[in-house]
Amino acid sequence: MADPQRDARHTARMARKKAVIDAAIAAATDERGLLIVITGNGKGKSTSAFGSIARALGHGMKVGVVQFIKSRTDTGEEAFLGKQPGVEWHVTGDGFTWDTQDREQDIATAQNGWAIAARMLADSSYQLVVLDELTYLLSYGYLDSDSVLDALVHRPADQHVIVTGRGASDALIELADTVSIIADEKHAYRAGIKAQPGIDL
Ligand code: ATP
Ligand code: MG
């Protein structure tokens with residue numbers, strides 16, 4: 001039903017809202033590389049990082065990816081994103097720690113992966129670096145947390161970094177510019193549905 005008074009109130013309210021939003025946008029003038037942490041127990045952490053890779057590639061950016069932990073090389077993300085020009089993709093894991101059951105081997109693998117990541121974090125030609133599942137290597141103590149934080153702090157000023165994985169440390173969260181904690185409300189796995197290509201891998 002037509003309600004001219006209500007329409008006028010809506011217009012005035014939207015105009016006030018627009019003024020506030022425009023002022024906030026105008027005030028955000030800084031430009032620099034961001035450290036983004038996507039953590040929490042819910043699904044969507046790595047998926048979010050892969051979406052950002054697509055965005056970055058759309059802008060012609062050079063992207064470096066290191067997947068820690070995971071050993072499988074048959075994922076959709078690697079098959080597609082890994083072969084795009086401008087992407088350098090490394091899968092460095094031997095699998096989850098309950099798969100390998102060998103702490104010494106896990107530490108060696110973690111350090112090999114970290115060497116690749118550290119090289120990217122020292123090279124300004126990588127405009128986005130994705131460190132997928134890095135958090136586990138810190139929580140298990142496979143990597144020295146201070147060295148990792150130090151490399152993040154001293155990376156090129158305009159380089160973006162996305163770190164994913166559950167249980168991000170307080171220090172990493174403190175250092176990050178943007179932190180999203182994805183909650184686990186429901187997951188199909190608990191209803192007996194196995195990992196689905198295109199969705200889970
Ligand atoms: P995704 O890669 O799907 O974005 P994620 O990065 O948030 O997941 P990981 O812990 O890295 O979470 O997930 C690895 C695999 O486990 C994926 O196949 C994912 O679908 C699945 N998974 C993620 N969260 C859960 C959960 N809460 N319960 C069961 N399986 C999960
Ligand atoms: Mg993940």
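We count ligands from 1, going down the list as the structure has it; atoms in each ligand are counted the same way.
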Student: Please assess Glu185 against Lys43 for the test salt bridge (charged side-chain N to carboxylate O under 4.0 Å, His left out), listing each intermediate value before the final yes or no.
Tutor: CA-CA 9 Å; Glu185 283 293 325; Lys43 170 179 167 59; over 6 Å; no
Student: By number and element, which atoms of ligand 1 are closer than 4.0 Å to a non-hydrogen atom of Asp184?
Tutor: 27 (N)
Student: For Glu133, take its heavy atoms, then give the atoms of ligand 1 lying under 4.0 Å from any of them.
Tutor: 11 (O)
Student: To the nearest 0.5 Å, what is the distance between OG1 (Thr92) and CD1 (Ile116)?
Tutor: 6.0 Å
Student: Would Gly42 count as a polar contact of ligand 1, with the cut-off being nitrogen or oxygen pairs under 3.5 Å?
Tutor: yes
Student: Suppose the criterion is salt bridge (charged side-chain N to carboxylate O under 4.0 Å, His left out): which pairs have a residue in residues 49-58, not counting sequence neighbours?
Tutor: none
Student: Report yes or no: do Ser46 and Glu133 form a side-chain donor-acceptor pair below 3.5 Å?
Tutor: yes
Student: Is there a nitrogen or oxygen of Ala195 sitting under 3.5 Å from a nitrogen or oxygen of ligand 1?
Tutor: no
Student: What's the spacing between Tyr140 OH and Asp106 CG if we round to 0.5 Å?
Tutor: 9.0 Å
Student: For atom 2 (O) of ligand 1, state which one of Ser48, Ser46, Ala183, Gly165 supplies the nearest heavy atom.
Tutor: Ser46
Student: If the cut-off is 4.0 Å to any non-hydrogen atom of Lys43, which atoms of ligand 1 fall inside it?
Tutor: 1 (P), 3 (O), 7 (O), 20 (O), 23 (C), 24 (N)
Student: Could you walk me through whether Arg155 and Tyr126 pass the side-chain hydrogen bond (donor to acceptor under 3.5 Å, both in side chains) check?
Tutor: CA-CA 10 Å; Arg155 75 187 192 280; Tyr126 297 92; over 6 Å; no
Student: Nearest heavy atom to atom 24 (N) of ligand 1: which of Lys45, Glu185, Arg166 does it belong to?
Tutor: Arg166
Student: Hey, does the side chain of Asp150 reach the backbone of Asp146 with a donor-acceptor pair shorter than 3.5 angstrom?
Tutor: no
Student: Let me confirm one number: the CG-CD1 distance from Leu137 to Ile107, rounded to the nearest 0.5 Å.
Tutor: 10.5 Å
Student: Between Tyr142 and Gln111, is there a side-chain donor-acceptor contact under 3.5 Å, judged purely by atom types and distance?
Tutor: no
Student: Using the rule given for side-chain hydrogen bond (donor to acceptor under 3.5 Å, both in side chains), can you reason through Trp89 versus Glu77, listing the C-alpha separation, both sets of side-chain angles and the distance that settles it, and then say yes or no?
Tutor: CA-CA 10 Å; Trp89 195 287; Glu77 61 265 22; over 6 Å; no
Student: Closer than 4.0 angstrom: is that true for some heavy atom of Asn41 and an atom of ligand 1?
Tutor: yes
Student: Does an N or O anywhere in Thr47 fall below 3.5 Å from an N or O of ligand 1?
Tutor: yes
Student: Keeping to distances under 2.8 Å, can you name the protein N/O/S atoms close to the Mg ion (ligand 2)?
Tutor: Ser46 OG, Glu133 OE2
